[in-house]
Amino acid sequence: MNLLKEVDIAVIGAGPAGLAAALACAEAGASTLLIDANDVPGGQLVKQTHKFFGSERQHAGTRGIQIPELFAKKLVEHPNVETMWDTTASGYYDSGELVVEDGKRFIKILPKRLIVSTGASERFVLFENNDLPGVYGAGAVQTLMNVYGVVPGDRVLMVGSGNIGLIVSYQLIQAGVDVAAVIEAAPCIGGYLVHAAKLRRAGVPILTSHTIVAAHGEECVTGATIAKVDEKWQAIPGTECEIECDVICLAVGLMPLVDILWQAGCEMKYVPELGGHVPVRDDNMRTSNPNVYVAGDSGGVEEASSAMITGEIAGISAAESLGLKAPEADARLAQLKADLAAIRSGPAGEKICAGVCRATVCGGVWE
Ligand SMILES: Cc1cc2nc3c(=O)[nH]c(=O)nc-3n(C[C@H](O)[C@H](O)[C@H](O)COP(=O)(O)OP(=O)(O)OC[C@H]3O[C@@H](n4cnc5c(N)ncnc54)[C@H](O)[C@@H]3O)c2cc1C
């Protein structure tokens, strides 16, 4: 194992949260190491070709794929920042050592503070034949189409009507793929109605209170059986119908990626409103391990706007805990917290606010 060096702050994950966090750390004067398993910065943003919703101060209206460039340019030029791409953080030890692996070797890093912004992973659904080729997660479909220019098939059944299911369905249509239907187990559409309206105008049926029962096919998907569900989301016998399709795309939610936070001994809590287990944190994104901060979807599944804000809050606060304070840091923190409250103030934010409240340490500060 090679010892790389000591740094003030290591940031794991260069999605919107990690990019914002690393820039804030560097601007405060901290030597900052930004690590990502991918070969380019951006996280989820590298496949988001649509114009982003969210807050204008956090680049709403800009295409997701263009946002990483806005950060990358500043980061590359910043003397306090070092980056490691194609590098996976695999272990964080009681001694405060972070072990990363770049495909050739394991490297030991000694950060004084760690910011975990590893994002989220996709959920799956149980149904007959769900391991047939042709059953994809929505992230894989987006990566195929928007990163590699490959369509996943000719006719897709989309499972899930949250923003991801709706946006990916529309992107499939734009790529010339037929979307047979979007099905949703809940009694109402989960995503923004503006996205649903675009699909409806394109003639795609959105069937609420429906689930997938089975995929058909021997070598690959040739169709699916769907059925209506009762209030407990159980398929109602006799309501089944067949859908012809060669792709079943699952967009049924995300789960925070928190392995490193468990390893760091952070106090964790199951908060369904935030997508699963998340670390208990204070208002400055500091976890119960005083050397470890969390930012973005790994602290609770939200959106890129809130990921950038929590990233910057974590960056400013982690640097400040080392005695490094950016000019006007207090005013900036107050502004960021006000922006976050505004993003979470809409009807869609109610659930997030309830989750954040449960995940935040009593009184908003650690004793
Ligand atoms: C289809 C779709 C549409 C969306 N549309 C919008 C929108 O319009 N507006 C909006 O605000 N949000 C939108 N979002 C949500 C937004 O993309 C995410 O909330 C946001 O990307 C989360 O940012 P993050 O930095 O927390 O995580 P991510 O973007 O997921 O980045 C995490 C990074 O961590 C890296 N990583 C993970 N584990 C490790 C490890 N162990 N070692 C090293 N690196 C690691 C990953 O490679 C990745 O680059 C959309 C999401 C999807 C899927």
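Both ligands and their constituent atoms are indexed starting at 1 by order of listing. Given the structure is predicted, the values throughout are model-derived calculations rather than measurements.
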Numbering as shown, the atoms of ligand 1 that approach [X] to under 4.0 Å (heavy-atom distance):
X: Q142; value: 1 (C)
X: T88; value: 41 (N), 42 (N), 43 (C)
X: S305; value: 11 (O)
X: G15; value: 25 (O), 29 (O), 31 (O), 33 (C)
X: A17; value: 25 (O), 26 (O)
X: G296; value: 26 (O)
X: E302; value: 19 (O)
X: N38; value: 47 (O), 49 (O)

State whether a side-chain donor-acceptor pair under 3.5 Å links [X] with [Y].
X: T88; Y: E101; value: no
X: E267; Y: S288; value: no
X: E242; Y: H216; value: yes
X: D339; Y: Q335; value: yes
X: Q142; Y: Q44; value: no
X: R281; Y: T360; value: no
X: T32; Y: E82; value: no

4.0 Å heavy-atom contact, [X] with ligand 1:
X: I12; value: yes
X: T87; value: yes
X: G139; value: no

Notebook entry, point to check: At a non-hydrogen distance cut-off of under 4.0 Å, which region of A304 contacts ligand 1 (side chain, backbone, both, or neither)?
Noted result: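 A304 to ligand 1: contacts from backbone and side chain alike.
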Checklist line | Which segment of A60 sits under 4.0 Å of ligand 1 when only heavy atoms are counted | finding: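 For A60, there is no contact with ligand 1 at all, from either part.
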Check: Heavy-atom count around D94 CG within 6.0 Å, excluding the residue itself: above 12?
Finding: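 Not more than 12 within 6.0 Å, no.
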Is any N or O atom of [X], backbone or side chain, closer than 3.5 Å to an N or O atom of ligand 1?
X: H50; value: yes
X: A295; value: no
X: L257; value: no
X: I164; value: no
X: K51; value: no
X: G13; value: no
X: A89; value: yes
X: S298; value: no

Check: Would you find a donor on one side and an acceptor on the other, under 3.5 Å apart, between the side chain of E122 and the backbone of G139?
Finding: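 At least one qualifying donor-acceptor pair exists.
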Item checked: Among V100, N80, I109, the one residue meeting side chain to side chain contact (heavy atoms under 4.5 Å, CB included) with L33 ->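 The single option meeting the side chain to side chain contact (heavy atoms under 4.5 Å, CB included) with L33 is I109.
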Validation: residues 149-160 side-chain donor-acceptor distances under 3.5 Å, sequence neighbours left out:
from : atom 1 : to   : atom 2 : distance (Å)
R155 : NE     : E244 : O      : 2.7
R155 : NH1    : D178 : OD2    : 2.7

Next item on the list: List in chain and number order the residues that pass ring-ring contact (aromatic ring centres under 6.0 Å, His included) with H277, two or more places apart in sequence or in another chain; answer none if no residue qualifies.
Entry: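 Here the qualifying residues are W262, Y270.
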Note to self: Using the rule given for side chain to side chain contact (heavy atoms under 4.5 Å, CB included), can you reason through K337 versus N284, listing the C-alpha separation, both sets of side-chain angles and the distance that settles it, and then say yes or no?
What the structure shows: CA-CA 9 Å; K337 288 177 185 176; N284 290 327; 2.7 Å; yes
Next item on the list: May I ask which of T118, I167, V294 has a heavy atom nearer to atom 38 (N) of ligand 1 than the others do?
Entry: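 Residue with the shortest heavy-atom distance to the ligand atom: T118.
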